[in-house]
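Accompanying notes for the structure given below.
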Amino acid sequence: TGEFSDTHDGVSHLDTTTVQVDIYTNTIAQRQTISARVRTLLDRYSGTSNSVVIQSIQLIFSLATVEPLIDKQTTKIFRQTMDFKVRQIN
């Protein structure tokens, strides 16, 4: 989802987008390791990526769940959902 900001003089050069990252693993330990790494890489990031100038990225929501089993043959799937607010300078 995106938010576009207007200024008093016209179009703003700052856009805000929410990005959701979903992690699916076979163990709780894997989920914790990967989600910690994703947070370390993204939360409070600022810089340029593929010529896009990122003013800041902020973690705004995180939820750990266990996905329901489809049948008795299926192993549990551990999920981590993380939402980040991305402020992009245009």
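Just so it is clear, the model here is predicted, and its values are computed rather than measured. What's counted below: heavy atoms across the whole structure, side chains too, no hydrogens, waters or symmetry copies.
Taking each heavy atom of Gln55 and Ser46 in turn, the nearest pair found is O-CB, 3.1 Å. Minimum interatomic distance between Phe78 and Asn26 (heavy atoms only, all atoms of both residues): CE1-O, 3.3 Å.
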Please report the C-alpha distance between Arg44 and Ile57 in whole Å, then the side-chain angles of each, then the deciding distance to 0.1 Å, and finally whether the side chain to side chain contact (heavy atoms under 4.5 Å, CB included) criterion is met.
-> CA-CA 5 Å; Arg44 305 296 178 192; Ile57 298 177; over 6 Å; no
Take Asp22 and Thr81, measure what side chain to side chain donor-acceptor pair (under 3.5 Å) needs, and give me the verdict at the end.
-> CA-CA 5 Å; Asp22 289 309; Thr81 298; 2.8 Å; yes
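Not a single donor-acceptor pair under 3.5 Å links the side chain of Thr65 to the backbone N or O of Glu67.
Note that the NE2 atom of His13 and the CG atom of Asn90 stand 8.5 Å from one another [nearest 0.5 Å]. Atom CD of Gln20 sits about 10.5 Å away from atom CZ of Phe84, to the nearest 0.5 Å.
Between Ile89 and the options Val53, Ile54, Val52, Asp15, a side-chain contact (heavy atoms from CB on, under 4.5 Å) holds for only Val53.
Few gaps surround CZ on Arg79; more than 12 heavy atoms of other groups in view lie less than 6.0 Å from it.
Hydrophobic clustering keeps Phe61 apart from Met82 (ILVMFWY residues linked when any side-chain heavy atoms are closer than 4.5 Å, directly or through intermediates). Put simply, Ile23 and Val86 are part of the same group of oily side chains (I, L, V, M, F, W, Y) that touch within less than 4.5 Å, one to the next.
Proximity of Gln30 to Thr33: side-chain heavy atoms (C-beta onward) are nowhere separated by under 4.5 Å. By the 4.5 Å heavy-atom criterion applied to side chains, Lys85 and Thr16 are counted as neighbours. Within the 4.5 Å cutoff, the side chain of Ser62 has heavy atoms near those of the Gln80 side chain. Annotation: side chain of Leu59 is not in contact with side chain of Leu42 (no heavy-atom distance under 4.5 Å).
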